[in-house]
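Throughout, protein chains are lettered first and strands after them, A, B, ... in sequence-line order, and every chain is numbered starting at 1.
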Amino acid sequence: MKKELPKAYEPKEVEGRVYQAWEEAGCFKAERDPAKKPFTIVMPPPNVTGQLHMGHAMDATLQDTLIRFKRMQGYAALWVPGTDHAGIATQIKVEEDLRVNEGKTRYDLGREKFLERVWDWKNKYGQRIVDQQKKLGASCDWDRARFTMDEGLSAAVRHVFVSLYNKGLIYKGSRIVNWCPHCITALSDAEVEYKDKPGKLWHIRYPIVGEPDRYVIVATTRPETMLGDTGVAVHPEDERYADIVGKTCLLPLVGREIPIVADEYVDREFGTGCVKMTPAHDPNDFEVGLRHNLENIRVIEDDGTISQGYGKYSGLDRYEARKAILADLEAEGYLVKTEDHQHNVGTCYRCGNDVEPLISAQWFVKMEPLAKEALRVVRDGELKFVPDRFAKTYTNWMENVHDWCISRQLWWGHRIPAWQCEDCGEMTVAETDPTECAHCHSKRIHQEEDVLDTWFSSALWPFSTLGWPDENSEDLKYFYPTDVLVTGYDIIFFWVARMVFSGCAHTGQSPFHTVLIHGLVRDDKGRKMSKSLGNGIDPLEIIDRYGCDALRFNLISGNSPGNDMRFYTERCEAYRNFANKIWNASRFLLMNLTIDRCALPQRLELEDKWILSKLNRLVGEVTENMDKYELGVAAAKIYDFIWDDYCDWYIELTKSRLQGEDPAAKESAQQVLCYVLTQTLKLLHPFMPFITEEIWQALPHKGDFLMLQDWPTVDQALDFPQEEKSMETIMEAVNAVRTRRGEMNVPPSRKVGLTVATADKAVFEAGAPFFRRLASASAVTVVGVEEAGSSEEMTKAGMVEVITHAARVFMPLAELVDLEQEKARLDKEIAKAQKDLDSLKVKLDNPGFVNKAPANVVQAERERQEKLTALLEKLTQQRGAM
RNA sequence: GGGAGCAUAGCUCAGCUGGUAGAGCGCAUGCCUUACACGCAUGAUGUCACAGGUUCGAGCCCUGUUGUUCCCACCA
């Protein structure tokens, strides 16, 4: 049975091998089993050509921990992996590659050839992130891996598009949209990030037509848009301007005559109370324009340059044009003044450039009817957020959501399945490519050039990956709806919200019942990890240095759900040490192991009952914490149990048996050690899968893999509250002796005989061997309370006295005592006991407490009072003897 | 302009339904005690941001204040 393990745990040697063994044995495969309950998680699909970062690592670790836990609990646990085609991100990468290596643009290649390049790119790099996830120990069912542009998922996308279109929930229209002139595409509201930037507020004079020397002064942060001004607005109740409403003014530089209108939108207090209206380039102006029939004149092109027809400004970039226009306004005396002004600028979440609002023909999803159901499922508790405050974030967004712009002027993605007829102008929207116009049967139809927003396909992920829209899909029937969705709070709007309304709309139910939200992993200074800052920490590097288990433990413990965490490499070191601790505890057991079967012995010693009782409670608590998604708390409890209870105490307590002469005692110690370790490994496995599997394989076991073992359950027969207490009185005495020896600087090598005077003779007799090993005792004599001499007598006999609640312990070390120091220490101890006792007395004398507090709390305080009184008495006696 | 989070030991953070404040790292002292120096033992350090309130009892619940971070929102 004996198996040699290296002295220190070497994760690198273990992880790859263990993972391969799991994979080859099919441990990750989820089978549809009518006898089991399903438990499903779909992985947030990372960008197919992306690289694993710390955020992924945390996300995946949480999911893997949950799925392993449920799998061990006997669920048919399915974790669906996959990747996202990531429209803009991927297309930009390939375009960049094309530019750098061949000096070409995508237009040089043409749509078809370019898409071939992207697929090549995807095939080249698509496996990378999957391999990286495997390094994290992810127990996904890889055979079920999906890609958002797979045939099946594309069919789902198309099905949804057609269905929404037919219900009138998808439409095409000319609206003002967020446009990125750098990515040259429309964006959805969610893809715009607002940033506070310092800017200027320019005051410009617009002369009033027919009233020489009269003019209005408008204030603007974007003077270049004046080329597209088609009106000026004032507040209807603004007396300053009442008489000019209805008149027109002359647009400087352009010479266009534009109306002055009155609209509630205008804030009288801001600037001059006059606002220039550029309906084609400002969402508010657009709205005002609708109300007053203002013309929409687009002056900025898709690439951010000024349109033709504006003389020297045409062709200039919008910010170059701004400079030129300002210079001209100034030269011609139209610029009245310039103020500094802080304002909120929309930027593209991909490239960071300023978004240009402009009017464009785009496809939209009508949100209001969809949002209704998505709100209801949360309101009715069919969908819960953990922590629940994120439900509010979600609800708030959903209640105020605008129509979703889903068309993107890209090539990489799901092309919009709509064909426009050149003859009748109507759209034909169909699941299979049409050959003629559905309205006039003309063959002269052509498909829309645009593709769909990437999030349109990810919104279907929980069901499209399971075979939907095929209602006969067995996976869909069995595993859907899924259970928990794990993701960061940063994509609640992008993804979670859209999955929920999509699930509700297309499958009639919320795609999952719980959303577990985690925070961001930041660097050690609290900054977001980012490429531009170069402060990212590569999870693979950490794995390489400290092992996957240490990384996982770090990511799970020490933070609570929904809160950001700072990543400290030092903590990986701490958890590597923890892994090593377990490793060595196991090594110790294996070195002492003579049995080949691990079962609890008939006869249990005091210390066995103590550890078993503690283990039992651990099992209950950890399970409960896991059920409540308190993974960090669960992890901490296991950590403490293994290090403090099992290693620092229990292993030490068994040594006298293991190294003694009694074969039966030897064996029983092994049995309990082995049993407790095995159970603990099961509890730890979801958190630290590799080391636990590796050790378990070396221990006596039944079954093939730890990861497929049953999760431990609470066993009432292993509750030993009395023994726990007894053991604790011994531990208290051991600690007290250690402390005193420490204070007197007695080296551990100096062993002395101890005399223990106690009312619990049996307990301390049972515990006598522990004092030898744990408290440097050469011999232990246990006597009754009445058999020991008074403090005075014992001191005279050269004894040092140590007092605990349950015992007085004497050590013949009087010559080492510094009497003054000793007196001071005792005085301090007495004062503390007295103080505690006093406050206890106040408490217990308070009728409010005695009458209103729960009986068990009152009882506990009474017991404490008794114990403290006894302790104080003993201490006082000892002090008196000095 | 709305909304949310955070404020606990030198640092980073836990603290589950209110019942005598915890961990890791760091620090101090002593130990290579035949599982582990990636270790063992011992020790020091907290007006739980501030002010009120509820309660027999508050780090935890309520109100307000301050500081800080974030999200949402069409003020040019």
Side-chain angles (χ1 to χ4, degrees), chain A residues 5 7-9 176 194 201 218-222 225 233 265-267 269-278 282-287 341 343-344 346 357 387 389-390 392-393 396-397 400 489-490 492-493 519-520 524 526 546 550 554 557-560 562-566 568 570-571 573-592 621 624-625 628 630 632-633 636 639-640 647-648 651-652 655 659 735 738-743 745-749 773-776 836 839-840 843 846-854 856-858 860-861 864:
Chain A
L5 297 179
K7 196 169 171 182
Y9 175 55
I176 191 138
Y194 288 90
L201 193 59
V218 299
T220 180
T221 54
R222 307 201 47 209
T225 63
Y265 156 73
V266 180
D267 177 358
E269 309 300 317
F270 189 90
T272 59
C274 289
V275 194
K276 62 191 265 317
M277 290 289 127
T278 322
D282 183 287
N284 300 308
D285 296 3
F286 181 78
E287 294 297 321
H341 180 68
H343 64 151
N344 229 2
R389 65 185 135 95
F390 289 103
K392 205 167 177 180
T393 311
N396 199 33
W397 185 81
N400 298 298
Y489 59 71
D490 50 333
I492 292 178
F493 307 136
L520 267 37
D524 58 350
Y546 300 104
N554 186 1
S557 53
N559 81 321
S560 45
N563 287 348
D564 291 352
M565 80 178 297
R566 295 191 193 200
Y568 279 87
E570 295 87 328
R571 290 195 15 181
E573 204 171 306
Y575 295 126
R576 175 206 58 189
N577 295 351
F578 175 53
N580 195 53
K581 187 76 185 172
I582 304 161
W583 185 256
N584 275 289
S586 310
R587 210 162 62 89
F588 169 78
L589 173 57
L590 289 167
M591 283 162 51
N592 284 283
E621 289 183 5
E624 197 185 325
N625 288 134
K628 285 152 75 177
E630 295 161 350
V633 179
Y639 179 100
D640 289 342
C647 291
D648 286 348
I651 285 185
E652 296 304 324
K655 280 182 179 170
Q659 289 158 18
N735 276 334
R738 280 172 174 173
T739 307
R740 286 301 296 286
R741 289 179 59 110
E743 279 165 2
N745 284 321
V746 189
S749 51
R773 188 159 291 278
L774 300 175
S776 305
D836 288 354
S839 64
L840 252 184
K843 204 173 191 179
N846 180 350
F849 175 73
V850 182
N851 297 331
K852 294 189 183 174
N856 60 329
V857 174
V858 178
E861 296 294 61
R864 239 187 96 214

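For the OP1/OP2 pair of B/rC38 and a distance below 4.0 Å, the side-chain nitrogens and oxygens of A/R576 include no atom meeting the criterion. In this structure, A/R773 does not reach the B/rU33 phosphate: none of its side-chain N or O atoms is under 4.0 Å from OP1 or OP2. Note on A/S557: every side-chain N or O is 4.0 Å or more away from OP1 and OP2 of B/rC13.
The interatomic distance linking A/R587 (CZ) with B/rG39 (C1') rounds to 12 Å, in whole Å. Atoms CG (A/D836) and C1' (B/rG19) sit 15 Å apart, rounded to a whole Å. Put simply, CH2 on A/W397 is 11 Å from P on B/rC72, counting in whole angstrom units. As a whole-Å value, the separation of A/R566 CZ from B/rA14 C1' is 16 Å. If you measure from atom CG of A/N580 to atom P of B/rA37, you get 8 Å, rounded to the nearest angstrom. In this structure, A/R741 atom CZ and B/rG43 atom C1' are separated by 17 Å, rounded to whole Å. One interatomic measurement links the two molecules: CD of A/E652 to P of B/rU34, which rounds to 11 Å at whole-angstrom precision. One atom, CG of A/N592, and another, P of B/rA35, lie 7 Å apart when rounded to the nearest Å.
Judged by atom type and distance alone, A/K7 does not reach the base of B/rC36 through any side-chain donor-acceptor pair under 3.5 Å.
Heavy-atom distances to RNA chain B give each of A/V633 and A/D648 a nearest nucleotide, and the one nearer the 5′ end belongs to A/V633.
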Hey, what are the protein-to-nucleotides 46-49 of chain B N/O distances that come in under 3.5 Å?
none

Anything under 3.5 Å between a protein N or O and an N or O of nucleotides 54-60 of chain B, put it in a table, one pair a line.
from: B/rC56; atom 1: OP1; to: A/K852; atom 2: NZ; distance (Å): 2.0
from: B/rC56; atom 1: O2'; to: A/N846; atom 2: ND2; distance (Å): 2.9

Can you check nucleotides 74-76 of chain B for protein contacts, nitrogen or oxygen pairs under 3.5 Å, and list what you find?
from: B/rC74; atom 1: O2'; to: A/N284; atom 2: OD1; distance (Å): 3.4
from: B/rC74; atom 1: O2'; to: A/N284; atom 2: ND2; distance (Å): 2.5
from: B/rC74; atom 1: N1; to: A/N284; atom 2: OD1; distance (Å): 3.0
from: B/rC74; atom 1: O2; to: A/N284; atom 2: OD1; distance (Å): 2.7
from: B/rC75; atom 1: O2; to: A/D267; atom 2: OD2; distance (Å): 3.0
from: B/rC75; atom 1: N3; to: A/D267; atom 2: OD2; distance (Å): 2.8
from: B/rA76; atom 1: O2'; to: A/A219; atom 2: O; distance (Å): 3.3
from: B/rA76; atom 1: N6; to: A/D267; atom 2: O; distance (Å): 2.8
from: B/rA76; atom 1: N6; to: A/F270; atom 2: O; distance (Å): 2.5
from: B/rA76; atom 1: N1; to: A/D267; atom 2: N; distance (Å): 3.2

Distances under 3.5 Å between protein N/O atoms and the N/O atoms of nucleotides 21-28 of chain B, please, pair by pair.
none

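Between B/rA35, B/rC31, B/rU42, one nucleotide has an atom nearer to the side chain of A/P748 than all others, and that is B/rC31. Comparing atom distances between the A/K581 side chain and each of B/rC16, B/rC11, B/rC36 picks out B/rC36 as nearest.
B/rG2 and B/rA44: their C1' atoms are spaced 48 Å apart (whole Å). Nucleotides B/rU45 and B/rC11 have their C1' atoms positioned 13 Å apart, rounded to a whole Å. With both ends at atom C1', the span from B/rG43 to B/rU47 equals 24 Å, rounded to whole Å. B/rA37 and B/rC32 have their P atoms separated by 14 Å, with the value rounded to a whole Å. Between B/rG22 and B/rC31, the distance separating the two P atoms is 29 Å to the nearest Å. Between B/rU55 and B/rC61, the two C1' atoms lie 10 Å apart (nearest whole Å). The separation of B/rG59 from B/rU54, taken at their P atoms, amounts to 16 Å, rounded to a whole angstrom.
Side-chain atoms of A/L520 and A/Y489, non-hydrogen and from C-beta on, do get closer than 4.5 Å to each other. For the pair A/R587/A/N584, a side-chain contact is recorded, criterion being any heavy-atom separation below 4.5 Å from C-beta on.
As judged by a 4.0 angstrom heavy-atom cut-off over every strand, A/S749 is placed among residues making no nucleic acid contact. Across all strands shown, A/F493 has heavy atoms under 4.0 Å from sugar-phosphate atoms exclusively, and none from any base.
For A/K581 and A/Y639, the positive end is not near the middle of the six-membered ring at less than 6.0 Å and at most 45° from its axis.
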*In dot-bracket notation, what is the pairing pattern of RNA chain B, taking Watson-Crick (N1-N3 plus N6-O4 or O6-N4) and G-U wobble (N1-O2 and O6-N3) contacts under 3.5 Å, with [ ] crossing and | for other strands?*
(((((((..((((.....[..)))).(((((.......))))).....(((((..]....))))))))))))....
*Sugar-phosphate means primed atoms, P, OP1 and OP2; the rest is base. With that split, encode nucleotides 3-10 of chain B 5' to 3' as B, S or - using protein heavy atoms under 4.0 Å.*
SSS-----
